[in-house]
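The structure under discussion appears below in the form of structure tokens.
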Amino acid sequence: MSDLVIVESPAKAKTIQKYLGPGYEVIASMGHIRDLPKSKLGVDTENDFKPQYTDMKGKEDVIKELKKYAKKCSKVYLATDPDREGEAISWHIAQLLNLNMDENNRVAFNEITKSGVSSGMSTPHKIDIDLVNAQQARRILDRLVGYKLSPFLWKKVKRGLSAGRVQSVAVRLVVDRENEIRKFIPKEYWSIDAKFLAPSSKKMFSASLVTVDGKKLEIPNQAEADGLLDRLRNAEYTVKSVRKRVTKKQPAPPFITSTLQQEASRRMGFSAKRTMKAAQELYEGVDIQGMGAVGLITYMRTDSLRISDEAKTAAAQYIESVYGKDYLPPEPRVFKSQKNAQDAHEAIRPSMPDITPERVKASLSSDQFKLYKLVWERFIASQMANALLDTVSVDIEADGCIMRASGYSVKFDGFTVLYVESTDSEEESKKVLPPLEVNDSVKLKSIDGNQHFTQPPARYTEATLIKALEENGIGRPSTYAPTITTIISRLYVEHEGKQLKPTNLGEVTTELMKEHFQNIVDAKFTAKMESDLDEVEQGEKDWVNALKDFYGDFEATLSKAEEAMEGKRVKVPDEETDVVCELCGRNMVIKFSKYGKFLACPGFPECKNTKKIVQETVGLCPLCGKKIIQKKSKKGRSFYGCEGYPDCNFMTWNLPVEEKCPNCGSTLFQKGGKSGRLICEKPDCGYVKELK
């Protein structure tokens with residue numbers, strides 16, 4: 001008789017079956033098989049929050065198969081994902097199959113490789129009931145908030161709304177940021193920027209005014225800027241000091257869940273959901289030409305920066321063979337995880353560092369390749385030597401004023417030969433300065449005053465919202481992607497380009513929640529609940545007591561809110577547009593349906609006119625000259641097509657830009673992001689311009 005190994009997905013089952021070989025049957029549960037019922041609360045709040053689990057609808061055939069295989073196999077191993085959700089799935093399967101809870105039948109794989117599977121199978125253990133209780137507590141907590149609070153929102157705002165413990169705080173962060181932007185008052189300030197000629201090389205360089213008469217520079221208006229310009233135009237400029245030093249630049253640590261989602265968003269425009277889908281596929285296993293099914297990365301839900309010694313050794317061997325010994329640090333790097341990290345798994349890394357992205361490119365989808373390349377390069381770079389920069393800072397004196405020029409040159413590229421972390425803000429790169437010595441006289445070529453205004457805080461992007469959730473202790477690695485997906489799908493938040501903007505519904509709901517359910521939308525309170533769940537997981541707190549601590553206050557708050565809002569209802573204002581209804585002359589408003597936004601006449605029911613929202617672009621169709629409009633594919637991806645469809649069938653995934661083709665005058669299209677290229681899509685033109 002064979003042994004049975006139960007995992008969550010068919011892809012993972014296929015990869016593990018390859019490594020275990022004969023003597024094992026590996027089948028998939030297809031995720032959870034039991035859950036709280038959808039039609040009712042399913043939690044007995046009077047009896048220690050006892051959950052009423054039921055078999056999930058649509059899983060009847062899966063459950064039959066699990067029972068059939070369990071009967072004919074000699075031993076059952078539970079190999080679901082190595083986290084809270086995975087532990088809970090194993091626990092539910094064990095109960096369904098009447099397995100002995102005291103038996104060592106739980107195995108965990110941090111990586112789906114031959115060694116990873118062998119290691120997991122050789123060290124089976126009991127189901128971790130603390131992990132199960134932590135998942136139960138989270139599930140019940142979210143059910144209590146959702147099923148008790150959502151009906152309140154239906155009655156007071158709009159039917160069909162949902163409230164969630166983590167999602168409500170995430171929406172509040174977006175709403176609060178929008179309010180900060182609205183209240184922001186720009187403040188004027190000026191800078192004085194000059195260009196000089198170096199005395200020996202005659203090369204030009206730039207410098208900016210930093211102090212005046214020994215005081216830090218503050219120029220509030222044009223009058224003061226003009227006064228300083230008059231003072232400096234005819235002054236003599238002398239190099240007062242030259243400070244040179246070698247600066248070390250360290251590589252970024254390997255990815256954890258949040259940083260992977262952030263970097264994939266910044267660098268490739270991936271949503272958190274898209275990132276985690278590709279990461280899950282890479283972890284579970286992909287058919288690689290000549291190798292079969294291979295799990296290419298380690299487990300992708302982690303907050304730990306820990307790396308195994310074996311992986312460090314493999315990385316060092318690769319670095320030395322490709323780049324040489326100079327590119328290895330004196331000692332293997334050790335990165336410290338954050339204080340609240342659970343540290344259950346390693347950082348996200350390639351499971352076999354010697355498998356380069358190019359080696360497997362032909363076997364991967366576009367998303368899989370991009371993400372694997374990102375994970376692989378980040379990990380290898382994290383084990384490389386520092387980059388060394390020769391930095392120079394030059395102070396130039398003129399009539400009691402100091403102008404400062406800064407620059408650097410690369411002395412040793414180190415890890416940057418492979419990978420440099422991207423940032424949320426565009427930083428102006430410093431230039432290499434020409435040779436300058438103390439007491440050199442430099443010639444002023446131009447000097448100008450430049451007006452600036454302080455800028456409001458930027459709206460969140462998916463990347464910066466994930467960063468804020470992590471910094472505030474809200475949610476955990478497994479919750480970032482579903483939280484953002486939920487607040488967008490529930491129409492509380494919408495994308496405006498890459499930025500996240502609250503909808504009117506999101507703002508109204510958040511204000512109501514802030515007024516009546518302060519704790520639910522309070523970041524510190526939510527972070528405290530996350531800490532309590534961590535304590536349950538570590539066996540330091542009873543899960544029932546954790547729920548009691550929350551539910552008593554929550555129930556009282558809900559009763560007060562019901563009383564305060566008796567007979568009241570909050571209206572969500574419609575967003576008015578400049579599109580005029582051709583039937584009655586009113587300005588149409590934006591409405592939402594399960595299919596997305598559309599335009600509707602505010603005169604409903606007298607006027608029932610509706611129409612699609614058309615988002616025009618700056619481009620013109622290269623085939624017929626009509627406007628190009630932005631559209632959405634069935635999967636929600638943006639593409640661009642001619643407004644004359646179906647008479648003209650032009651479409652492209654590339655973004656139309658204002659720049660015109662110098663050869664034929666047609667609209668150019670940006671392909672491959674900021675570092676890609678501009679191309680002309682007019683037939684037979686072929687113009688291409690590389691972007692740098």
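In this chain, numbering begins with 1 at the start of the sequence shown.
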Name the one of Lys277, Met276, Glu284 that satisfies side chain to side chain contact (heavy atoms under 4.5 Å, CB included) with Gln280?
Glu284
SB check Glu85 Arg301 (cutoff 4.0 Å):
no
Interatomic spacing from CZ in Phe415 to CE in Met384 - rounded to 0.5 Å:
9.5 Å
Are Cys642 and Cys624 packed together at the side-chain level, in the sense that at least one heavy-atom pair is separated by less than 4.5 angstrom?
yes
Take Leu668 and Lys660, measure what side chain to side chain contact (heavy atoms under 4.5 Å, CB included) needs, and give me the verdict at the end.
CA-CA 5 Å; Leu668 289 178; Lys660 305 296 182 187; 5.8 Å; no
With distance as the sole criterion, is a donor-acceptor pair present between the side chains of Glu346 and Thr298 under 3.5 Å?
no
Heavy atoms only: give me the nearest Pro124-Asn104 pair and the separation to one decimal.
CB-O, 3.4 Å
Can you name the closest pair of heavy atoms from Lys312 and Pro332 and give their distance?
CD-CB, 4.1 Å
Just checking, is any N or O donor in the side chain of Glu681 or Asn654 under 3.5 Å from an acceptor N or O on the other one?
yes
Whether Thr464 side chain and Tyr460 backbone form a donor-acceptor pair below 3.5 Å:
no
Donor-acceptor pair, distance only, cut-off 3.5 Å: does the side chain of Thr485 make one with the backbone of Pro482?
no
Salt bridge check: are Glu530 and Arg138 linked by an N-O gap of less than 4.0 Å?
yes
Does Lys64 pair with Glu60 as a salt bridge, N-O distance under 4.0 Å?
no
Any donor and acceptor pair, going by atom type alone, linking the side chain of Thr259 with main-chain N or O of Ile256 inside 3.5 Å?
yes
Main chain of Ser365, side chain of Gln368: is a donor-acceptor contact present, judged purely on distance under 3.5 Å?
yes
Pairwise distance CG(Leu78) to OG1(Thr80) - rounded to 0.5 angstrom
6.5 Å
Tightest non-hydrogen contact, residues Asp81 and Tyr283, listed as OD1-CE2, 3.9 Å
Residues which pass side chain to side chain donor-acceptor pair (under 3.5 Å) with Ser258, listed by chain and number, not counting sequence neighbours
Glu470
Roughly how far apart are Ser363 OG and Phe369 CZ, rounded to 0.5 Å?
11.5 Å
Check the side chains of Thr486 and Thr483 for a donor-acceptor pair under 3.5 angstrom, ignoring hydrogens and angles.
no
Within a strict 4.5 Å, meaning less than it, do heavy atoms of the Met268 and Thr275 side chains meet?
no
Take Arg476 and Asp534 through the salt bridge (charged side-chain N to carboxylate O under 4.0 Å, His left out) test and state the conclusion after the steps.
CA-CA 10 Å; Arg476 287 297 179 262; Asp534 289 346; 2.6 Å; yes
Sequence neighbours excluded, which residues qualify as ring pair (Phe, Tyr, Trp, His ring centres under 6.0 Å) partners of Phe669?
Phe650
Validation row: Met352, Glu111 side chains within 4.5 angstrom (heavy atoms):
no
Can you tell me if Lys57 uses its side chain to pair, donor with acceptor, with the backbone of Lys38 under 3.5 Å?
no
Checking side-chain polar atoms at under 3.5 Å, does Glu8 have a donor or acceptor matched by the opposite partner on His32?
no
Could you report the tightest heavy-atom contact between Cys685 and Cys680, atom names first, then the distance?
SG-SG, 3.7 Å
Between the side chains of Gln630 and Ser638, is a donor N or O closer than 3.5 angstrom to an acceptor N or O?
yes
Are the side chain of His345 and the backbone of Pro82 linked by a donor-acceptor contact shorter than 3.5 Å?
yes
Checking Ser337 against Asp303: is there a side-chain donor and acceptor pair closer than 3.5 Å?
no
Contact check, side chains of Glu103 and Lys126, non-hydrogen atoms, under 4.5 Å:
no
For Leu371 and Ala279, the nearest pair of non-hydrogen atoms, with its separation, is CD2-N, 3.5 Å
Is there a donor-acceptor pair under 3.5 Å between the side chain of Asp413 and the backbone N or O of Thr416?
no
Checking side-chain polar atoms at under 3.5 Å, does Asn386 have a donor or acceptor matched by the opposite partner on Arg333?
yes
Can you tell me how far the CD atom of Gln289 sits from the CG atom of Leu364, to the nearest 0.5 Å?
11.5 Å
Give, for atom CZ of Phe109 and atom OG of Ser118, the distance between the pair rounded to the nearest 0.5 Å.
9.5 Å
Counting N and O atoms only, with roles assigned by atom type, does the side chain of Thr617 sit under 3.5 Å from a partner on the main chain of Ile628, one being a donor and the other an acceptor?
yes
Excluding sequence neighbours, so at least two apart, what forms ring pair (Phe, Tyr, Trp, His ring centres under 6.0 Å) with Phe412?
Tyr327
Are the side chains of Leu655 and Tyr640 in touch, meaning some heavy atoms are under 4.5 Å apart?
yes
Residues that Arg267 engages under side chain to side chain donor-acceptor pair (under 3.5 Å), provided they are two or more places apart:
Glu263
Any ion pair linking Glu358 and Lys373 (charged N to carboxylate O, less than 4.0 Å)?
no
For Phe639, look at atom CZ and say whether over 12 heavy atoms of other residues, nucleotides or ligands are found less than 6.0 Å away.
yes
Distance-only polar pair, side chains of Gln95 and Arg34, donor-acceptor under 3.5 Å:
yes
Atom NE2 of His92 and atom CG of Asp35: how far apart are they, to the nearest 0.5 Å?
7.0 Å
Using a strict threshold of under 4.0 Å (side-chain N to carboxylate O), is an ion pair present between Arg84 and Glu537?
yes
Taking the side chain as every heavy atom from C-beta outward, state whether Thr257 and Gln261 have any pair of such atoms under 4.5 Å apart.
yes
Centroid-to-centroid, Phe255 to Trp376, below 6.0 Å?
no
Between Val688 and Leu678, is a side chain to side chain contact (heavy atoms under 4.5 Å, CB included) present by the stated rule, with each step listed?
CA-CA 6 Å; Val688 176; Leu678 297 180; over 6 Å; no
Side-chain contact, heavy-atom cut-off 4.5 Å: Ile484 with Lys273?
no
Could you tell me if Ser351 and Thr113 have a donor-acceptor pair between their side chains, going purely by distance under 3.5 Å?
no
Salt bridge (charged side-chain N to carboxylate O under 4.0 Å, His left out) assessment of Arg274 paired with Asp367:
CA-CA 8 Å; Arg274 185 177 173 186; Asp367 281 8; 2.8 Å; yes
So do the side chains of Leu465 and Val493 get within less than 4.5 Å of each other, counting heavy atoms only?
no
Side chain to side chain donor-acceptor pair (under 3.5 Å): pairs with one or both residues in residues 14-31, sequence neighbours excluded
Lys14-Asp287
Ring-face cation of Lys71 near Tyr69 (centre distance under 6.0 Å, axis angle within 45°)
no
For Glu494, all residues meeting side chain to side chain donor-acceptor pair (under 3.5 Å), sequence neighbours excluded:
Lys597
